[in-house]
Each structure stands twice: as structure tokens, then as C-alpha cells.
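In what follows, a structure is listed as C-alpha cells, so that the remarks can point back to it.
Keep in mind the model is a prediction, meaning the values are calculated, not measured. The figures that follow rest on heavy atoms only: side chains count, while hydrogens, waters and symmetry mates do not. Lettering of chains follows the sequences in order, A, B, ..., and the numbering in each one begins at 1.
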Number of protein chains: 2
Amino acid sequence: MTQLQRRKIPDAAIARLPIYLQILNNLAATNVLRFSSDELAALAGVNAAKVRKDLSYLGSYGTRGVGYEVTYLIHQIKRELGLMREWNVVVVGAGNLGCALAKFDGFLSRGFPVVGIVDNDPKKIGRTTSSLTVGDVGDLKNIVRDEKVNIGVITTSSPAAQSAADALIEAGITSILNFAPVVLSTPSSVSVRNVDLGVELQILSYYEQMRIENGSKAQSAPQLNSVGAR
Amino acid sequence: MTQLQRRKIPDAAIARLPIYLQILNNLAATNVLRFSSDELAALAGVNAAKVRKDLSYLGSYGTRGVGYEVTYLIHQIKRELGLMREWNVVVVGAGNLGCALAKFDGFLSRGFPVVGIVDNDPKKIGRTTSSLTVGDVGDLKNIVRDEKVNIGVITTSSPAAQSAADALIEAGITSILNFAPVVLSTPSSVSVRNVDLGVELQILSYYEQMRIENGSKAQSAPQLNSVGAR
DNA sequence: AGGGCTTAGTGCATTAATTCACAAAGTTCA
DNA sequence: TGAACTTTGTGAATTAATGCACTAAGCCCT
């Protein structure tokens, strides 16, 4: 609770804070000054008690009878999530997806500038994509050091993903966002998050089939995306 | 348990089945015939009891003292997930990401052919990307009918995402994969899964910051990706 | 044939997450 | 000032998910 003994925010709550943040940024953009847990709950599509409990992990920043202040809460969530600074990203794998992500402004705009992209294919090395030149995966260590990279994004083919991960870890990276549909083997000191688009579709397929079989009176999928393992 | 009163597989288990499937496909490709819950657990990075429990929701398809048969289990998982057939996909939003996804063979190879891509920008309509011509979002209803589309993928900008969702729902789509960083408002009969890349990075950022503050003795992120709300 | 070994299946305890429901604290207005 | 109203913050109950540990089955070898 107090600043001193930080942490013990449940993982489930941590995963929701970015959603709240996104909504609050929208509110701030439309000059909304305050919000209640009910309002945020409606916008986020969750239960109001959950919103209050989640926000209470940050501290006691609301005012009873009034609500929460938008800008203040934005500040607190950003502080908690470590978003008071930028985190540099390197993309490994300069295929369609890798290049699309390197260009993607959603990364930069949220404080995650892509400072490098590498590949192991000589035909791709040297190409330029949106102000970045594709580097050699062998130079990863130098790139990570020189560009102060914090997070690695893997967009290689499945067979290459593990060695991409190994290279990132060898270069000192401890946070990985993996788009390859494989379970990476990494030391427990490294955080990995998997985004497997095929998995997402397969989960949708399950609930879609359920609707068809049960005459559409089946419940729908939980809005929580979850992939990966461990 | 029995075929009759289908369902009551926990959502958490459903989200893991695609991972198991992916691993089993790899095993099959290397001519492995059988596996034990221990082996699959190691490959998936989960607990063996969890594997057994998850698989038991499908039915009692293992042999004690022996294990499970790879191809048979693949079949059962595919049946359960609704993967005995193809599900057609339409992409709404022909930007970088949308086009990359339309080309992405991970969709087709897993039984989700992209049969159409649309946009609302006249400058993009008519362009061709990997054998698909960008259509007008206004024609969505016809496309969904003619191409028998089952799943809509939203890769528009945030402001356009809700109207894209409305158009998909209006066209009769009940499963949506949303890449725009907004919480879509949809009837509960529609399944939505959100993939918000910014959110994933922000979650990584939290655990990364934790490691920095706590001198790297902090635990790392859960491998479960979770985004979205509701 | 039978003992030892392996591994699935599962009841049960534990832990995590969610939701309820209410007291505490503040606002507003007469 | 104080009564009515609003909304937070949080114990406690509930529900969901996890993981242990044991039983039931089948294989293999002598």
C-alpha cells in the first residue's frame, strides 16, 4: 500500500491499468476533469467495484462523494506502470509484420520508440523502412548498448524465434514481446509476453462454434485476451 | 463431459488449448507419436497437472501408463476449438498493419483465410495487396454475404474503430479481433478479443521497472497475455 | 501370472480474482 | 448547522483457477 513496500498489485489488476489509462487519456483530451468509478467502469466494460479496487492499489487518490481527478490519476497510473520515461524498442525480424510495427506510430506515441530493426537475411539487411535501416542480427549487442534498448520485439518466423530470443537475452534484454507462435524458453528473470494472432482467432473460433451449436444462446468469449503459457 | 451437455470448459483452459495444439503440431511434424502430460507441460511451460486437467475437459483420451497419442489429441483439440473447418476473415482498415495481416500466412495456414480487406479512404480503395483488392467499407455487408465471412479484424485508427465494429455487426459478424486501442461497445452476443500492442508494452514496462527498482530480484511478468476489458 | 513401473484422471486444499455490500467521508443545499 | 445524497475504500463472501497428492489403469519384464 504505502510507497515503501511497493508491489503486491495483482497481475490481473496490472493488466487492466493500461486500459484505464487509455480511457483517461481520451477523457483528458475532451477536457473532462473528473470521473467516478461507475463512469470508468462503464467505459472500460468492467464492474465498478473492480475499478475502485484496482485504483486503490495505487493509493487512496479518490475523493468520496466526488470521484477521481483525471489528470492526477493519469499521472499515478503512469508512475506505477513505469511510463514516466521512454523505453526503447528493437524489432528482430524485418518481414511484413516487423516492418509494419517499426512504422507503427502507436509505439512511439505511447512512449516506446523503435530505435532499431534487425534481421539475419542478407537480402533484407541494409534496406530502409521508415527512417530505420535494417541491421544485422549479429550486431544486436552493439545496438542494444548504443541505443539503450530496453525491450525486444520478435517478429521472426517460428523456427528463428528461439535464437532471436537467445540473441536478445545475450545482449542484455530482459523484456520480450513475442509474435512468433512458439513458446520461448527463457530464464525466469526475463519477462516474456506472447501475442499469437492465430491463437486469438482460434479462441474466437471456439466461441463462434459454440454459438452455432447452441443456437446462439451461448455466452460469448471473455474480453480478456490471453495467450502464451508458463 | 459427455458430448451431450457440451461446454463448461473453463475460459482459462480454452485459452491454453491453442498453445497445446501448436506444440502438438510441431511434435507431429517431427514424427513423434506419443507424449505424456509431463512432456507437454515442459514444452508449454506449465504444470503437468494443469495439462492433464485441461485435456480431461476434452474427454478421457489418454492411456494410463502410456500417455496421449499426438495425432488423436490434435484431432480432439481441433474439434473442440471448432477448427475442423475454415473460418473466413475480413480485415477492416488497409493501413500498414491491416495490409501486413492480409499478407500474413499465419492466418491462412491455421485455417483463417483472409477473404477481403476494406477501408473507408478513397485513396486506398482499389489498391491491391497480395491478391486482394481493397474494397469499400460500405460494401461490407455484401462482402460478408458473398464471401461467407465469419470473423472481422479491425485495424483502423482508434476513432474509426467503433464504426468499423458497428459496420461488421450490422453485416452479421459475431466475432471480432480488434487491434485498435479502444474498448468497443458491442452487444453481448458478439465475441470481441482485443490485441493492443501498446498495452502489452506497458505491462512489460511495469515488470521491467520493478526489476530496476527492486534490484532485479523481482518476479517477472506472468506469461499470460491479457488485454482488453469487460 | 504377477510384481514393479509409469502415467492418466481427479478429489481436495490452496491461492487468486471477483463481486457484494456497507461504513466512512466528503459535498450540497436549505 | 445538519440532513440528504454521492461516491470512495475495503472487509468479507463468492467464484474461478491452480496445483498437490493419491487412486486407478495399463504396460513391461521376469
Report summary line: Whole-Å distance, Phe35(B) CZ to dT6(C) C1', equals 16 Å
Query - Residues in salt bridge (charged side-chain N to carboxylate O under 4.0 Å, His left out) contact with Glu39(B), at least two apart in sequence or another chain - result: none
Considering only nitrogen or oxygen atoms on both sides, find all protein atoms under 3.5 Å from nucleotides 20-22 of chain C and state each distance.
unit_1  : atom_1 : unit_2   : atom_2 : d
dC20(C) : OP2    : Asn47(A) : ND2    : 3.3
dA21(C) : N6     : Arg52(A) : NH2    : 3.4

Report summary line: Rounding to 0.5 Å, atoms CD1 (Ile173(B)) and OG1 (Thr186(B)) come to a distance of 13.5 Å
Query raised in the report: Taking atom C1' of dG9(C) as reference, at what distance in whole Å does atom CG of Leu40(B) sit?
Result: 16 Å
Requested in this report: Starting at atom CG of Asp11(B), determine the distance to atom C1' of dA17(D), rounded to an integer number of angstrom.
Outcome: 11 Å
Query raised in the report: In B/S/- notation, 5' to 3', how is nucleotides 25-30 of chain C contacted by protein heavy atoms closer than 4.0 Å?
Result: BSS---
Query raised in the report: Would one find a side-chain N or O of Ser37(A) under 4.0 angstrom from OP1 or OP2 of dT7(D)?
Result: no
Query raised in the report: To the nearest Å, how far apart are Asp38(B) CG and dC20(D) P?
Result: 12 Å
Query - Closest approach of Ala164(A) to Thr156(A) (non-hydrogen atoms, all atoms of both residues) - result: CB-CG2, 4.1 Å
Requested in this report: For dG9(C), take OP1 and OP2 only and decide whether either is under 4.0 Å from a side-chain N or O of Ser60(B).
Outcome: yes
Requested in this report: Let me know the distance between CG of Leu73(A) and P of dT8(D), rounded to the nearest Å.
Outcome: 10 Å
Query raised in the report: When you look at Ser191(A) and Ile176(A), which way does the side chain to side chain contact (heavy atoms under 4.5 Å, CB included) test go after all the steps?
Result: CA-CA 6 Å; Ser191(A) 298; Ile176(A) 294 177; over 6 Å; no
Requested in this report: Please name the residue in the list Val153(B), Val89(B), Val114(B) that meets the side-chain contact (heavy atoms from CB on, under 4.5 Å) test with Leu101(B).
Outcome: Val153(B)
Report summary line: Numerically ordered, the residues 21-32 of chain A set in heavy-atom contact under 4.0 Å with DNA chain D is none
Query raised in the report: At what distance, to the nearest 0.5 angstrom, does CG of Leu81(B) lie from CG of Leu21(B)?
Result: 6.5 Å
**Report entry** Worked verdict on Ile151(A) versus Glu208(B) for side chain to side chain contact (heavy atoms under 4.5 Å, CB included)
**Finding:** CA-CA 9 Å; Ile151(A) 298 177; Glu208(B) 182 74 20; 5.7 Å; no
Report summary line: Ranking Ala12(A) and Leu55(B) by the position along DNA chain C of their nearest nucleotide, the one closer to 5' is Leu55(B)
Query raised in the report: Are the side chain of Ser109(B) and the backbone N or O of Asp105(B) linked by a donor-acceptor pair below 3.5 Å?
Result: yes
Query raised in the report: Can you list every ring pair (Phe, Tyr, Trp, His ring centres under 6.0 Å) pair that touches residues 18-45 of chain A, not counting sequence neighbours?
Result: Phe35(A)-Tyr68(A)
**Report entry** Closest to side chain of Lys50(B), choosing from dG9(D), dT18(D), dT19(C)
**Finding:** dT18(D)
Requested in this report: Whole angstrom is fine here: how far is it from CD1 in Ile9(A) over to P in dG9(D)?
Outcome: 14 Å
Query raised in the report: Taking all non-hydrogen atoms of both residues, which atom of Pro18(A) and which atom of Ile203(B) are closest, and how far apart?
Result: CG-CG1, 4.1 Å
Query raised in the report: Given dG9(C), is OP1 or OP2 found less than 4.0 Å from the side-chain N or O atoms of Tyr68(B)?
Result: yes
Query raised in the report: Would you call the rings of Tyr72(B) and His75(B) parallel, tilted or perpendicular if under 30° counts as parallel and over 60° as perpendicular?
Result: parallel
Query raised in the report: Quick one: Leu58(A) CG to dT8(D) P, roughly how many Å, whole number?
Result: 14 Å
Query raised in the report: How many Å lie between CG on Asp54(B) and P on dG19(D), as a whole number?
Result: 11 Å
Requested in this report: Can you sort out the partners of Asp166(A) under side-chain hydrogen bond (donor to acceptor under 3.5 Å, both in side chains), two or more places apart, ordered by chain and number?
Outcome: Gln162(A)
